[in-house]
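Since the structure comes first, as structure tokens, the remarks are kept for the end.
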Amino acid sequence: MIFRLADFHFPDSAARLYPDTPQRPWILEVGFGDGRFWPHYAATFPEAPNYLGVEISGVSLLKAERRLREAGLSNAVLTKLPATPLIREVVPAGSLDAIVVNFPDPWPKAGHAEHRLLRAPFFRLAASRLKPGGAVLLTTDHDEYFEFACREAEASGVMRAELTDPPPAALETKYARKWRELGLGVQHARFVPTHHPHVPHGTVARFPDSEDAPAVPHAILTLPAAFDPGAFHKHTARGGQTREDPVGWTVVLLELYRSLKQDGWVMLAHVVEGELTQEVLIGISARGDGSHLVRLASFGGPIITPGVKAAVGVVTDWLESQGAAVRHRGY
Ligand SMILES: C[S@@+](CC[C@H](N)C(=O)[O-])C[C@H]1O[C@@H](n2cnc3c(N)ncnc32)[C@H](O)[C@@H]1O
């Protein structure tokens with residue numbers, strides 16, 4: 001089953017995601033590509049474990065979903081998201097039996113190592129979300145990345161590497177087959193937590209089901225009589241990177257549109273928080289008393305993160321710079 005970010009709870013639970021099989025082991029695969037690993041690996045268990053697959057390619061997502069459906073693997077959730085925010089915000093502490101990474105993108109060019117997944121902060125996050133006895137399973141054909149990952153695991157201070165043969169299923173993926181045909185070898189490591197650090201979830205919330213819920217970021221203000229939406233120009237604001245919001249945010253206000261009802265406007269904003277990107281709409285709509293409500297719209301299934309709250313603040317600040325009198329800030 002395919003889940004959008006907004007379909008998850010923050011954090012979620014195996015009991016909610018796999019209501020028919022909550023007691024089974026829970027395995028997460030990062031970058032599943034066309035999904036060949038899971039049917040082979042699941043078949044090595046008496047009963048298919050619960051599966052959470054995370055991948056950033058939409059084409060791969062659809063291919064893998066079809067493959068798992070045809071294999072009858074119904075206790076599988078697939079999502080198109082970068083791995084780190086998904087693991088940090090959705091996966092509860094101490095809940096996974098394994099995190100599988102087969103043939104991660106090696107980012108071989110000098111200066112690109114910061115794009116690699118398997119760096120010390122990832123290992124700390126992984127150790128916090130694994131159960132005692134769980135492990136990160138890495139298989140790769142890239143010797144330099146393999147050594148890099150082993151060094152990073154050690155630098156994390158929470159992982160011990162065991163070098164073993166890969167599970168046979170890891171040699172059935174699209175990339176494994178490609179390398180086998182070229183006669184190249186692969187390396188495999190099991191990274192086992194030596195302890196489980198506390199890595200907190202962020203302050204992330206679902207968009208509330210009730211439209212009037214006060215938890216939706218909003219502001220109330222009075223626009224000046226001479227308000228000129230034509231004065232809007234795309235602009236960028238940055239913030240966060242505090243103790244409460246260590247990831248930090250960038251908000252780009254992109255476009256301001258007149259609403260179809262002609263009683264207000266809609267701002268399109270791009271919100272980047274680490275690897276997580278959301279496009280959100282923020283409405284500016286007239287209220288009965290002559291004031292305007294600035295409020296995150298539910299369109300597109302946003303989740304409420306520090307950056308999304310900040311986006312409502314950036315819109316409010318821009319309106320204030322245009323002469324609006326702000327009465328209330330609820331973000
Ligand atoms: C080299 S391919 C390997 C695919 C598959 N595991 C295999 O062995 O055939 C790496 C995959 O990781 C995905 N990927 C890269 N960065 C990712 C991230 N941060 N989170 C999730 N998937 C990611 C890419 O889209 C790509 O499909």
Side-chain angles (χ1 to χ4, degrees), residues 2-5 7-8 27-42 44 51-68 71 73 76-91 96 98-109 112-126 129 135-146 148-149 152 165-182 184-191 199 202 247 272-278 303:
I2 292 178
F3 267 48
R4 295 174 315 156
L5 183 54
D7 295 326
F8 289 105
I27 295 181
L28 181 143
E29 184 181 2
V30 177
F32 51 72
D34 65 3
R36 284 170 204 255
F37 171 77
W38 188 240
H40 286 281
Y41 198 56
T44 64
Y51 176 80
L52 177 55
V54 51
E55 168 57 68
I56 51 174
S57 155
V59 174
S60 297
L61 178 79
L62 297 179
K63 284 187 188 168
E65 197 269 338
R66 198 174 62 203
R67 196 182 297 279
L68 269 49
L73 291 162
V77 171
L78 302 180
T79 191
K80 180 181 167 302
L81 285 169
T84 302
L86 185 277
I87 297 173
R88 190 179 51 234
E89 309 305 354
V90 170
V91 176
L96 294 172
I99 297 175
V100 176
V101 191
N102 293 322
F103 303 90
D105 290 334
W107 293 97
K109 285 192 190 149
H112 283 190
E114 77 203 52
H115 298 299
R116 288 178 168 172
L117 177 75
L118 297 173
R119 288 175 290 124
F122 180 85
F123 282 113
R124 291 183 65 77
L125 173 65
R129 301 301 188 255
V136 176
L137 308 184
L138 166 67
T139 304
T140 177
D141 57 286
H142 198 276
D143 292 347
E144 197 271 314
Y145 188 18
F146 186 75
F148 172 90
E152 290 289 309
D165 287 335
L171 303 179
E172 298 297 339
T173 73
K174 184 174 161 191
Y175 274 76
R177 288 174 179 206
K178 213 157 99 176
W179 293 109
R180 251 202 341 237
E181 279 162 24
L182 294 171
L184 300 171
V186 299
Q187 306 225 48
H188 180 76
R190 259 177 79 81
F191 297 105
V199 179
V247 175
V272 183
E273 292 164 275
E275 289 172 85
L276 182 66
T277 298
Q278 299 191 75
I303 60 163

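Just so it is clear, the structure is predicted and the values come from calculations on it, not from any experiment. Values below: every heavy atom of this structure, side chains too, minus hydrogens, waters and symmetry copies. Just so you know, ligand 1 is whichever comes first in the structure, and atom 1 is the first atom listed for that ligand.
In this structure, L117 and V101 have side chains that are in contact, with non-hydrogen atoms separated by less than 4.5 Å. Residues V186 and T140 are not in side-chain contact: their nearest non-hydrogen atoms beyond the backbone lie 4.5 Å or more apart.
The closest donor-acceptor contact from the side chain of R180 to the backbone of L171 lies under 3.5 Å.
Distances between N or O atoms of S60 and those of ligand 1 include no value under 3.5 Å. Residue contacts with ligand 1: A83 is placed with a nitrogen or oxygen under 3.5 Å of a nitrogen or oxygen of the ligand (distance criterion only). Close N/O approach between T173 and ligand 1 is found [any backbone or side-chain N/O within under 3.5 Å].
Within the listing of ligand 1, atoms 20 (N) sit less than 4.0 angstrom from a heavy atom of P82. Taking a cut-off of under 4.0 Å to the non-hydrogen atoms of F103, the atoms of ligand 1 that pass are 1 (C), 2 (S), 3 (C), 8 (O), 10 (C). The distance from ligand 1 to the heavy atoms of V54 drops below 4.0 Å at these ligand atoms: 21 (C), 22 (N).
Among all protein heavy atoms, the one lying closest to atom 16 (N) of ligand 1 is I56 CD1, 3.6 Å. Distance from atom 15 (C) of ligand 1 to its nearest protein heavy atom, with residue and atom name: D105 OD2, 3.3 Å. The protein non-hydrogen atom at the shortest distance from atom 5 (C) of ligand 1 is G31 O, 3.4 Å. Of the protein's non-hydrogen atoms, the one nearest atom 13 (C) of ligand 1 is E55 OE2, 3.4 Å.
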Quiz item: Given F3 and F8, is the ring pair (Phe, Tyr, Trp, His ring centres under 6.0 Å) satisfied, shown in steps?
Solution: CA-CA 7 Å; F3 267 48; F8 289 105; 5.0 Å; yes

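Ring planes of F148 and Y145: tilted class, angle from 30 to 60°.
Aromatic rings from F32 and F37 are positioned such that their centres are separated by 6.0 Å or more.
Applying the 6.0 Å contact sphere to CZ of R177 captures more than 12 heavy atoms from other residues, nucleotides or ligands.
Salt-bridge check for R124 with E152: failed, with every basic side-chain N at 4.0 Å or more from each acidic carboxylate O.
The part of E275 lying near ligand 1 is the side chain, judged by heavy-atom distances below 4.0 Å.
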